[in-house]
2 protein chains.
Amino acid sequence: MAQGPTITTIAAHAGVSIASVSRVLNGLPTREDTVRKVMAAADELGYVPNAVARSLKSNRTYQVAFAMADIGNPTYVAMVREIQPVLKAAGYRLVLHSTGGDLDDELDVLRRLGERYADGLIISPLRGITRKHLDLLTAAPAPVVVIGSVPEGAPVDNVRTDSRAGVRLALKHLHDLGRRSIGFLNGPLDTVPGAARAAAYTDALDALALPYDPSLVEVGDFYRAEGAQAARRLLERSRPDALLCANDLIALGALDVLREERLRVPEDIALVGMDDTELATAAWPTLTSVGLGSAERGRRAAELLLDRLDNGVAEPRIVTVEPTLAVRASTEGAP
Amino acid sequence: MAQGPTITTIAAHAGVSIASVSRVLNGLPTREDTVRKVMAAADELGYVPNAVARSLKSNRTYQVAFAMADIGNPTYVAMVREIQPVLKAAGYRLVLHSTGGDLDDELDVLRRLGERYADGLIISPLRGITRKHLDLLTAAPAPVVVIGSVPEGAPVDNVRTDSRAGVRLALKHLHDLGRRSIGFLNGPLDTVPGAARAAAYTDALDALALPYDPSLVEVGDFYRAEGAQAARRLLERSRPDALLCANDLIALGALDVLREERLRVPEDIALVGMDDTELATAAWPTLTSVGLGSAERGRRAAELLLDRLDNGVAEPRIVTVEPTLAVRASTEGAP
DNA sequence: CTGATTGCCGTAAACGTTTACAGTTCGCCG
DNA sequence: CGGCGAACTGTAAACGTTTACGGCAATCAG
């Protein structure tokens, strides 16, 4: 744990100035034998450049931060999994923030950007973009990419998903299978995905000319246990022939309850999840699920950010990722 | 994206020296009205201290790195999920490295520690601790905690799991249920967990006075598809009455194959996974699984590292986390 | 009223780099 | 062989902090 050598140490060893050392190490034109002397000294001493000092001088940390609600959530795992290699390939490190979906924590991440520990930020705000978010975003000292929707005119790149189309896909699929009484288990309405999916659901019903029946809708949280509770509440008062769940965890919870109630999936009730995570194929019956392109959103966000860091793009850009429907046993019989 | 104010800006605004500004901001004893002037100027200008400059001076980055093979793997997710809050509470940021299990990448992470972008490192080496690892570890410029076993005498803290005990737990359980022909689907033998579990399996058989039958053992990789292939190969030549899988993903693959073959779980073949991840409860039948305490290992590793950073402990310490067995439907009939 | 003590404050150096600028060396031409 | 230009090198400043140290004013004792 001894203090490592610095360019000063090397300069002394090689009998040259620190400027020459720096030049050699950065590959700037230098006389042949100076290069040799410096390289020899550097090798011998096991020199590794100090990233902090370099950052101070260059104003570049080669770090990018990613902030989301909870790395336990498979959608965020999918994002991280795509973001990481993109950054790594470009020589950036990834700093991970888990906000727990707490609004203050989210704002704090934004504020902390001012400490300039990272060159840019990818953030997926669970609680939506508030007035305060906007203020901080416009004043942000580094480029920010938001995963999820952003109000018109915000000065940031934005990678969004078309959850409306996703829900429409799911409902269309169920409708095609002859289901007409399609329930909906949602997450909290004061979260971005919750609100978006609620709107998308009524929308999609409209498009299919199906009536909106409030007794078919139940709100819980985006977790398995809460999903199960919501399913229980819904089943106590109605008996739909299909259930759309706002994510795969909720769907797993619903599956637990349907099993308890000895309801067959998909014969009695067809089940559709969202996010198309690994859990959808682990479940039995395997879950039909709406893929909202988490992985792709992560990758695109990272690419947008790097592009902006390297090329300093002017205009905020919006990328929309198309949803997909993975049809599996929970709506179509045999696996 | 304008250049933010520095203590120099504030000093000018408040009409004091930068030293006073620094003192006020760090809460060192200062005259009342100097404090007021500085605070006013800082507020007005929206000052945020520059973390990089601070780090350069203090030799502390308040960052900790965590390196593992693949953030897609649920065991690592579990670790990150525990590590993150511990670090955050102590005011540290988390830098994430995904090495893809590549040996050179792992070594690179170790070498890069010399750049001093982080105050410490938690690493979970998939490929084991080689001679080169050891050299780098002894020369490491910052404290390192290794999750997984480490050779005697390595100068690092170490959080290990007792996989031997874990496998014994599983086999004992199966033996108690009357199973006598217990197959084993392992991951690559040149990985740490693969090697450890192979040894543990033969060991546990011994303890139960069961013979070792090589035709009951098959090696694949730690993923679902490879697990399925391995299961297929094994079933083509033998018909065990129980299968132990080296992780839950392999167990899911095996489950796929057993279903294809119309073998009932657990009636015909009992199935046990390892790591006790979320997947184990998502599957159907739910999977009995050996918990190797990933979450706890992550938390303990973070705690050890922070303790060392704050208190500079002398001796390398070893923490062993006890395995647990979560008994579920895949060995004990009804869910 | 003088001298010592206390408590703040400002100057400047330092952390490890990069880089502008001025100085040196060298080769080459006339 | 003198002089010029090209090519390289060294000095020093800068990035934004923290902090040792000496100076200064106010306070207090004698």
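In what follows, chains carry the letters A, B, and so on, assigned in the order in which the sequence lines appear, proteins first and then strands, with residues in each chain numbered from 1.
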Could you list the residues that satisfy salt bridge (charged side-chain N to carboxylate O under 4.0 Å, His left out) with A/Glu82, not counting sequence neighbours?
A/Arg299
What are the residues of residues 30-47 of chain A, sorted by number, that bring a heavy atom to within less than 4.0 Å of DNA chain C?
A/Tyr47
May I ask you to say whether A/Arg127 pairs ionically with A/Asp102, meaning some side-chain N is under 4.0 Å from a carboxylate O?
no
With sequence neighbours excluded, what pairs up with B/His13 under the ring pair (Phe, Tyr, Trp, His ring centres under 6.0 Å) test?
none
By the 4.0 Å heavy-atom rule, please label A/Thr6 as base, sugar-phosphate, or nothing.
sugar-phosphate
In the 5' to 3' direction, the nucleotides of DNA chain D bounding the stretch that comes under 4.0 Å of a heavy atom in chain A are D/dC8 to D/dG16
Is the shortest side-chain heavy-atom distance between B/Val80 and A/Leu96 below 4.5 Å?
yes
Across all chains, not counting sequence neighbours, the salt bridge (charged side-chain N to carboxylate O under 4.0 Å, His left out) partners of B/Arg297 are none
By ring pair (Phe, Tyr, Trp, His ring centres under 6.0 Å), which residues pair with B/Tyr92, not counting sequence neighbours?
B/Tyr62
Over 12 foreign heavy atoms within 6.0 Å of CZ, A/Arg112:
no
Quantify the bending of the helix from C/dC1-D/dG30 to C/dG30-D/dC1 as the angle between its end axes, each fitted on five pairs, to 10°.
60°
Base, sugar-phosphate or nothing for A/Ser20? Non-hydrogen atoms, less than 4.0 Å.
sugar-phosphate
Of all residues at least two apart in sequence or in a different chain, which pass the ring pair (Phe, Tyr, Trp, His ring centres under 6.0 Å) check with B/His133?
none
Can you name the side chain to side chain contact (heavy atoms under 4.5 Å, CB included) partners of B/Val192, sequence neighbours left out?
none
B/Glu115 bridged to A/Arg93 by N-O distance under 4.0 Å:
yes
Report, one line per pair, each donor and acceptor closer than 3.5 Å where one atom sits in a side chain of residues 40-49 of chain B; sequence neighbours left out.
none

Would you say the side-chain atoms of B/Ser98 and B/Asp70 include a donor-acceptor pair closer than 3.5 Å?
no
Going by number, which of residues 50-60 of chain A have a non-hydrogen atom under 4.0 Å from DNA chain D?
A/Leu56, A/Lys57
For B/Asp135, check side chain to side chain contact (heavy atoms under 4.5 Å, CB included) against everything at least two apart and list the hits.
B/Arg131
